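Heads up: the structure comes next, in structure tokens.
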Number of protein chains: 2
Amino acid sequence: MAATLHDVARVAGVSFKTVSNVINHHPHVRDTTRAKVEKAIAELGYRPNLTARSLRSGHTGAITLALPQLRLPYFAELADAVIEAAAKRGLVVLIEQTGADRKRELEVMASPRLKMSDGLIFSPLALGQEDADLIKADVPIVLLGERIFDSSSDHVTMQNVPAARAATEHLLDLGRKRIAVVGAHEGEVIGSAGLRLRGYREALEARGIPYDDGIVAYVVDWHRSNGAAAMHDLLDRGVSFDAVFGLNDTLAQGAVRVLQEAGYRVPDDVAVIGFDDLDETRYTLPTLSTVDPGRTEIAETAIRMLLERIKDPAGTPPREVETAFRVVARESTMGSAAGAA
Amino acid sequence: MAATLHDVARVAGVSFKTVSNVINHHPHVRDTTRAKVEKAIAELGYRPNLTARSLRSGHTGAITLALPQLRLPYFAELADAVIEAAAKRGLVVLIEQTGADRKRELEVMASPRLKMSDGLIFSPLALGQEDADLIKADVPIVLLGERIFDSSSDHVTMQNVPAARAATEHLLDLGRKRIAVVGAHEGEVIGSAGLRLRGYREALEARGIPYDDGIVAYVVDWHRSNGAAAMHDLLDRGVSFDAVFGLNDTLAQGAVRVLQEAGYRVPDDVAVIGFDDLDETRYTLPTLSTVDPGRTEIAETAIRMLLERIKDPAGTPPREVETAFRVVARESTMGSAAGAA
DNA sequence: ATGAAAGCGCTAACAC
DNA sequence: GTGTTAGCGCTTTCAT
């Protein structure tokens, strides 16, 4: 059986409260007493029981991160960033996968397990704007992503519209005139696809270039194979284009492969840009130009807001934060001179 | 404030123990009583406090998974599998990233936070065989990977040697004679690289083909860029080969890209096989032949062993389990007829 | 079939 | 500075 505070107190010859004071770095402990206690702690290999501490103190030192699937690279990198940001604040992270399933997304918020943590960082993929009122739990929530705005929770999101616009402008600035889109979602207005397509349209409009639905390829979801399928679709249509905006990196990668297979040179014949700045985009051939949506900032902001909300649940009205983005120009738009990995 | 058992008991007009019985599905509760209690629970929106339950019962319903980095696709997919396997048993998963740092790997086992979970699934990357005695913690451990054998913990590992041998044999069976290796580790004997290279050598020996160090490319770590660098190295050597065994999928992907860039056709000129069966290998062009090392089985076995060990810590001596593997033949070795995604 | 009492290991108030 | 007391919300044991 593991040693308890009482065991330590007995061995050190002090009261068990004194041991607690030492452990919690209370100021008023005599040095000699502290030394005695520390010796006893070392001797017994005492470790505080965090469960007991949680029960008493009302907080656990853990947070929950709920996301669709770690198998999707974007979410793996998001989780990586959240865990690192949490570690900096001394928090551990409990991960729940929802599989982008509506029922499981709702369950995450209702589960008693959530109370094993102090708060929830939630990246829904099935719930949408119409579910804004369902975003609530026994712990504070920080919402991530582009699917729900104006809920009663704090929200961290990327600047999808301006970032997509900047990506498109990057291609326009390079002299490209006919920019195809890979990965649009039929009829979507908000959500990543809808917002990024809006940014694309804004960039075109600003330069007086008419929008042409003929060079926009739609997909059902952003799975890996669909970028390739969408590009096949575009090639089959026989339309001409000199650049491609993949609405995320995975789609862009699929598009690049199909272009290469069909004999097009990237970027010489067709320039390609993605979105997300996944780690792997730095190691493909050519390296993939993309938009860094500020993943580290998303993670750190989410943690910071969650901690503020945990400390003071009703402190301020719900906040919306948008992170800074940055166009990352690599070989797929600039050629090999610009961005050897 | 959240409702407690006592609140429910008061509203239902029963003792608070009866409420506990209902919640824990004890058999001996009269139906009418149960109904009363359930009504009160619904009325108050009662949720059990899992922290209190943990303190009293001594187990938390959570396990810790410690791995290098979720950003590495192999570990992201492993974590995905572990979380799903845990969910099937009603467990949640707390993830710690060690960054493949020796100090952090040791800290994971020493941290009091570990006691917020019932056990540890640990995939070390910095610790090695010489550290076998350091693998211990306040909770049961199931060790994953190829770096440490014969510790005092249960261990789940893939069949690296036979699986690598099978991958090599797959290439030999296709008539390939000169099989280059990408990703060997200088001087390594155990560890994924050492074991897989052994499997490769065994396959050659069995067919009477001499081992040629001239077509083995060494790397320092299995980072994404190194597969490409290793292939450049091989091409620079001017050696000839008609197949490549990438010691993992990431390396193999890098090798494929460099081969294609250099004008070789895959698989016509050079067949390529990887190792790990990452999700993405099904969506590259060509799709990548690889070895499925049994990731789902690894996850499920680890969870099962951990639960057994939690229930009965000293039950049996430490166990070593090796999972079943399977060569997955795709386009990079078989051509497009065999494996359209 | 239901209830009363004890206590998991700790922190927080308050006394000394 | 240090000790005493109470109790977080629950499960467990034992009694009824």
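A, B, ... follow the sequence lines: proteins, then strands. Residue 1 opens every chain. Keep in mind it's a predicted model, so treat the numbers as computed, not measured.
- Side-chain N/O atoms of A/Thr18 include one lying less than 4.0 angstrom from OP1 or OP2 on D/dG3.
- Taking atom CG of residue A/Asn49 and atom C1' of nucleotide D/dC10, one finds them 14 Å apart after rounding to whole Å.
- Between the P atom of D/dG3 and the NE2 atom of A/His6 lies a distance of 12 Å, rounded to the nearest Å.
- Taking the nucleotide of DNA chain C with the nearest heavy atom to each of A/Tyr46 and B/Phe16, the more 5' of the two is matched to B/Phe16.
- Between the side chains of B/Thr64 and B/Ser117, at least one donor N or O lies within less than 3.5 Å of an accepting N or O.
- Atom-to-atom distance recorded for B/Gln159:CD and B/Thr323:OG1 is 6.5 Å, nearest 0.5 angstrom.
- To the nearest angstrom, C1' of C/dC8 lies 13 Å from NE2 of B/His59.
- Taking atom CZ on B/Arg47 and atom P on D/dC8, their separation rounds to 21 Å, with Å as the unit.
- Between B/Ser20 and the phosphate of D/dT11, there is a side-chain N or O to OP1/OP2 separation shorter than 4.0 Å.
- If you take CZ of A/Arg56 and P of C/dG7, they are 18 Å apart, rounded to a whole angstrom.
- With no hydrogens or angles considered, no side-chain donor-acceptor pair links A/Glu322 and A/Thr157 at under 3.5 Å.
- Between B/Thr33 and C/dT2 there is a side-chain polar atom (N or O) within less than 4.0 angstrom of OP1 or OP2.
- A/Arg53 has a side-chain polar atom (N or O) that falls below the 4.0 Å cut-off from OP1 or OP2 of C/dT11.
- Atom pair B/Leu50:CG and D/dC10:C1' shows a separation of 10 Å (rounding to whole Å applied).
- At the phosphate of C/dG9, neither OP1 nor OP2 sits under 4.0 Å from any side-chain N or O atom of A/Thr4.
- Between A/Leu5 atom CG and C/dA12 atom P there is a gap of 12 Å when expressed in whole angstrom units.
- Judged by closest nucleotide on DNA chain C, B/Ser57 is the one of B/Ser57 and A/Ile23 placed further toward the 5' end.
- Shown here for B/Leu55 and A/Thr51, the closest heavy-atom pair between the two residues is N-CG2, 3.4 Å.
- Side-chain proximity of B/Leu55 to C/dT11, C/dA1, C/dC8: nearest is C/dC8.
- Heavy atoms only, all atoms of each residue included: B/Ala137 and B/Leu114 are closest at CB-CD2, 3.6 Å.
- Remark: C1' of C/dG9 and CE of B/Met116 are 15 Å apart, rounded to the nearest angstrom.
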